[in-house]
Amino acid sequence: MTRTPEQIFHDHGRALGSGDLDRISANYAEDAVFVTPSGVLRGREGVKQGIGTLLGDLPNAAWDLKPQFADDVLFLEWSATTGHARVEDGVDTFVFRDGLIQAQTVRYTLVAQNG
């Protein structure tokens with residue numbers, strides 16, 4: 001049985017909370033494309049690299065997610081805050097295929113917090 005985009009995204013969120021990059025990347029297709037402002041990363045190893053950078057920038061963050069699904073595409077507006085940094089303009093787009101994330105674009109600006 002193929003998972004719906006909503007089910008995949010829910011599982012992806014739980015995996016992100018764990019910080020386990022292997023578990024996170026399991027939600028992506030083997031040939032996934034992960035597009036970041038610094039370049040295009042490919043495959044599950046690329047996903048691990050890109051998400052590892054994001055989690056490294058925002059350790060133990062408080063996340064605010066606003067997902068909007070349209071068939072096999074998800075547009076996600078998000079923000080995150082830690083004691084040292086915040087993101088106010090996070091935007092991701094996910095494309096789902098065969099129960100996995102096939103492609104994701106990520107854009108965010110990290111702003112240092114005074115504290």
Side-chain angles (χ1 to χ4, degrees):
M1 179 175 171
T2 300
R3 300 179 302 165
T4 66
E6 290 87 350
Q7 290 168 324
I8 300 164
F9 181 67
H10 181 71
D11 188 54
H12 178 63
R14 285 194 319 263
L16 278 174
S18 76
D20 181 340
L21 294 176
D22 288 326
R23 183 173 168 207
I24 292 165
S25 68
N27 282 305
Y28 289 79
E30 291 283 341
D31 60 346
V33 175
F34 194 83
V35 182
T36 71
S38 57
V40 177
L41 304 169
R42 298 188 184 280
R44 288 185 174 158
E45 289 304 313
V47 168
K48 286 182 191 180
Q49 180 184 346
I51 292 180
T53 298
L54 172 65
L55 294 176
D57 285 345
L58 297 165
N60 303 312
W63 301 85
D64 180 29
L65 308 176
K66 296 178 181 102
Q68 297 177 42
F69 290 91
D71 297 320
D72 289 341
V73 176
L74 164 61
F75 177 74
L76 177 66
E77 292 179 282
W78 61 276
S79 61
T81 305
T82 69
H84 304 289
R86 74 178 187 278
V87 170
E88 294 179 341
D89 63 347
V91 176
D92 288 22
T93 302
F94 294 78
V95 177
F96 300 90
R97 184 188 77 199
D98 299 330
L100 294 169
I101 301 166
Q102 180 61 45
Q104 180 180 354
T105 63
V106 177
R107 183 187 65 92
Y108 66 97
T109 303
L110 194 62
V111 179
Q113 298 255 89
N114 295 332

query = Nearest heavy-atom pair of Gly56 and Pro59: which atoms, and what distance?
reply = O-CD, 3.5 Å

ask   = Would you say Arg42 has more than 12 foreign heavy atoms packed within less than 6.0 Å of its CZ?
value = no

task = Find out whether Phe75 and Val91 are in side-chain contact, i.e. whether some heavy atom of one side chain is under 4.5 Å from a heavy atom of the other.
result = yes

key: Heavy-atom side-chain contact between Gln113 and Thr81 under 4.5 Å   = yes

ask   = Mind checking whether Trp63 and Leu58 have side chains closer than 4.5 Å, heavy atoms only?
value = yes

ask   = So do Asp57 and Tyr108 actually touch side chain to side chain, heavy atoms under 4.5 Å?
value = yes

query = What residue pairs, at least two apart or across chains, pass salt bridge (Lys or Arg N to Asp or Glu O under 4.0 Å) with a residue in residues 76-90?
reply = Arg86-Glu88, Asp89-Arg107

message = Hydrophobic clusters here meaning ILVMFWY residues chained together by side-chain heavy-atom distances under 4.5 Å, can you tell me if Leu100 and Val33 are in one?
response = no

task = Answer with yes or no whether the hydrophobic clustering places Val35 together with Ile24; edges join I, L, V, M, F, W, Y residues whose side-chain heavy atoms lie under 4.5 Å apart.
result = no

inquiry  = Once rounded to the nearest 0.5 Å, what's the spacing between atom CG of Asp72 and atom OG1 of Thr4?
reply    = 9.5 Å

query = Just by distance, with hydrogens left out, do Asn27 and Arg3 show a side-chain donor and acceptor under 3.5 Å apart?
reply = yes

inquiry  = Starting from Tyr28, can I reach Leu76 by hopping between I/L/V/M/F/W/Y residues whose side chains sit under 4.5 Å apart?
reply    = yes

task = Check whether Leu54 and Phe34 end up in the same hydrophobic cluster, where Ile, Leu, Val, Met, Phe, Trp and Tyr are linked by side-chain heavy atoms less than 4.5 Å apart.
result = yes

ask   = Can you tell if the side chain of Gln49 reaches within under 4.5 Å of the side chain of Thr36, non-hydrogen atoms only?
value = no

Point-to-point distance, once rounded to the nearest 0.5 Å, from CG of Leu65 to CG of Leu16 = 9.0 Å

Derivation and outcome, side chain to side chain contact (heavy atoms under 4.5 Å, CB included), residues Gln7 and His10 = CA-CA 5 Å; Gln7 290 168 324; His10 181 71; 5.7 Å; no

query = Between Phe94 and Phe96, what is the ring plane arrangement, given parallel below 30°, perpendicular above 60°, and tilted in between?
reply = parallel

ask   = Considering only heavy atoms from C-beta outward, does the side chain of Leu21 approach that of Leu55 to under 4.5 Å?
value = yes

request  = Following the transitive rule for hydrophobic clusters with a side-chain heavy-atom cut-off under 4.5 Å over Ile, Leu, Val, Met, Phe, Trp and Tyr, establish whether Val95 and Leu74 coincide in one cluster.
outcome  = no

message = Ignoring hydrogens, what is the shortest heavy-atom contact between Ser25 and Arg44? Give both atom names and the distance.
response = O-NE, 3.3 Å

inquiry  = Is it the case that atom CG in Asn60 sees more than 12 heavy atoms from other parts of the structure closer than 6.0 Å?
reply    = no

message = For a quick test of reading the model, state the closest non-hydrogen atom pair linking Asp22 to Asp20 and the distance between them.
response = N-OD1, 3.0 Å

ask   = Should the ring pair Phe69 and Phe9 be called parallel, tilted or perpendicular, given that the plane angle runs from 0 to 90° and is split at 30 and 60?
value = perpendicular

request  = To the nearest 0.5 Å, tell me how far Gln102 CD sits from Glu30 CD.
outcome  = 10.5 Å

task = Indicate yes or no: at least one non-hydrogen side-chain atom of Thr93 is less than 4.5 angstrom from one of Val73.
result = yes

ask   = Does the side chain of Asp11 reach to within under 4.5 Å of the side chain of Ile8, using non-hydrogen atoms?
value = no

